There are 2 protein chains.
Amino acid sequence: MTKIKESSSISLNKGLAELTCPVTYVMNKIGGHWKPIIIYQLREDAKRYSELRRAIPIITEKMLIQSLKQLEADNLVIRKAEPVVPPFVTYSLSPSGRELVPLMNMMAEWAIQDSGRVML
Amino acid sequence: MTKIKESSSISLNKGLAELTCPVTYVMNKIGGHWKPIIIYQLREDAKRYSELRRAIPIITEKMLIQSLKQLEADNLVIRKAEPVVPPFVTYSLSPSGRELVPLMNMMAEWAIQDSGRVML
DNA sequence: CATGATACATACTTTGGGGTAAGTACTTGT
DNA sequence: ACAAGTACTTACCCCAAAGTATGTATCATG
């Protein structure tokens with residue numbers, strides 16, 4: 001009885017993990033280097049694309065727009081485009097996105113505690 | 001004035017993000033497909049290596065041991081090896097690791113809510 | 001004497017996320 | 001006429017995380 005190979009499980013696993021593991025579900029939504037930072041920037045008020053760019057100068061335009069698209073697809077942020085020229089596009093947190101903020105605060109608290117912990 | 005290039009920023013960014021962003025700090029500790037699942041398995045009691053393997057049959061031994069090593073290095077789990085043969089090794093959550101459990105529960109709650117949300 | 005169980009280790013390959021760099025389309029300012 | 005600002009898009013590359021497969025050392029059991 002040879003092992004049965006079931007079609008490269010790399011992406012399969014990801015789906016499975018997301019189904020079984022809610023933590024992975026969250027990670028997939030707010031994971032990646034930039035998404036939490038973007039969410040943090042939008043925690044209070046909506047911001048224009050260019051405002052975000054200036055608020056996070058280290059990010060490339062590609063990554064910014066890519067992250068924003070993903071956040072929008074996962075409807076954590078809402079994109080509002082006024083059909084004027086030059087374009088005027090604002091991004092803001094959706095209800096789901098807003099509910100993420102206290103969660104991120106908890107993560108921050110844990111991070112502070114953990115980084116200050118002394119091991120015996 | 002040409003742009004100044006500051007030594008391939010890929011790993012630099014990661015470090016910077018971790019310093020500035022506590023969420024990223026958390027992600028780096030419990031990110032990856034397997035770590036949250038392992039922590040979940042250990043949330044109540046310690047488990048042997050082989051118990052973990054059987055509890056998460058889809059994981060490969062390489063990934064299991066790798067994740068465990070990283071969790072140990074970040075001292076979220078504690079490895080206890082009895083010098084007998086056959087080897088008897090148990091893994092359990094450290095204090096830091098245990099404090100992660102309520103955080104993960106919050107993530108789970110958000111995940112449930114979010115996945116059940118209807119978009120208008 | 002070979003198989004299975006214990007708990008790993010290690011070489012090799014794949015793949016997708018992130019980075020670099022450049023282009024697009026349209027208008028205002030000088 | 002040309003730079004600058006708006007908000008993107010696209011082609012290409014690189015690397016680290018994850019996966020595949022196999023090896024190791026010891027003992028018990030059939």
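In the text below, chain A, chain B and the rest are named by the order of the sequence lines, each starting its count at 1. Owing to the predicted nature of the structure, the values given are computational and were not obtained by experimental measurement.
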Exercise for review: Would you indicate what A:Lys35 reaches in the nucleic acid, counting non-hydrogen atoms under 4.0 angstrom: base, sugar-phosphate, or nothing?
Suggested key: nothing
Point to revise | Distance, rounded to the nearest Å, where B:His33 contributes NE2 and C:dT15 contributes P | key: 13 Å
Exercise for review: Determine: side-chain N/O of B:Arg53 to OP1/OP2 of C:dA5, distance under 4.0 Å, yes or no.
Suggested key: no
Review point. Is there a chain of hydrophobic side chains (I, L, V, M, F, W, Y, each step under 4.5 Å between heavy atoms) that links B:Val101 to B:Leu42?
Key: yes
Review point. For D:dT9, does OP1 or OP2 lie under 4.0 Å from any side-chain N or O of A:Tyr49?
Key: no
Practice item. Working to the nearest 0.5 Å, report the span between NZ of A:Lys35 and NZ of A:Lys29. Key: 8.5 Å
Review point. Taking for each residue the nucleotide of DNA chain C with the nearest heavy atom, is it B:Ser50 or A:Ile59 whose nucleotide lies nearer the 5' end?
Key: B:Ser50
Study note, to complete from the structure: In whole angstroms, the gap separating P of D:dC8 from CD of A:Glu72 amounts to 9 Å
**Study point:** Side chain of B:Thr60 - closest among C:dG19, D:dC8, D:dT20
**Key:** D:dT20
Revision key, fill the gap. Looking only at D:dT6, C:dG18, D:dA7, the nucleotide nearest the A:Pro86 side chain is D:dT6
Check your understanding: At under 4.0 Å, does any side-chain N or O of B:Arg54 touch on OP1 or OP2 of C:dA5?
Key -> no
Review point. Does B:Arg48 place a side-chain N or O at less than 4.0 Å from the phosphate oxygens OP1/OP2 of C:dA7?
Key: yes
Point to revise | Whole-Å distance separating the CG atom of A:Leu68 from the P atom of D:dC8 | key: 8 Å
Point to revise | Pair A:Ser96-B:Asp114, side-chain donor/acceptor within less than 3.5 Å | key: yes
Practice item. Report the C-alpha distance between B:Tyr49 and B:Glu61 in whole Å, list the side-chain angles of each, state the deciding distance to 0.1 Å, and finish with yes or no for side chain to side chain donor-acceptor pair (under 3.5 Å). Key: CA-CA 10 Å; B:Tyr49 175 81; B:Glu61 291 200 68; 3.0 Å; yes
Review point. Looking at CD1 of A:Ile30 and CE of A:Met107, how far apart are the two atoms once the value is rounded to the nearest 0.5 Å?
Key: 4.0 Å
Exercise for review: Choose from C:dG18, C:dA9, D:dA7 the nucleotide whose nearest atom is closest to any side-chain atom of B:Ile65.
Suggested key: C:dA9
Exercise for review: Using a 4.5 Å cut-off on heavy atoms from C-beta on, say whether the side chain of A:Ser92 contacts that of A:Lys80.
Suggested key: no
Check your understanding: In whole angstroms, how far is the P atom of C:dG17 from the CD1 atom of A:Ile30?
Key -> 16 Å
Review point. Considering only side-chain heavy atoms of A:Glu61, which listed nucleotide, D:dC8, D:dG19, C:dG18, is closest?
Key: D:dC8
Practice item. For the side chain of B:Tyr91, starting at C-beta, report the closest nucleotide among C:dT6, C:dC8, D:dT6. Key: C:dC8
**Study point:** Closest listed nucleotide, where the reference is the side chain of A:Trp34 and the choices are C:dG19, D:dT6, D:dA18
**Key:** C:dG19
Point to revise | Value in whole Å for how far the P atom of D:dA21 lies from CE of B:Met63 | key: 16 Å
Review point. When the nearest nucleotide of DNA chain C is assigned to B:Glu51 and to A:Val85 on a heavy-atom basis, which residue is associated with the more 5' position?
Key: B:Glu51
Practice item. Using whole Å, report how far CD1 of B:Ile56 lies from P of D:dG19. Key: 12 Å
Study note, to complete from the structure: A:Phe88 CZ to C:dT27 P, in whole Å, measures 18 Å
Review point. To the nearest angstrom, how far is B:Ile58 atom CD1 from D:dA18 atom P?
Key: 14 Å
Practice item. Between D:dA7, D:dC12, D:dT6, spot the one nearest the side chain of A:Lys62, thanks. Key: D:dC12
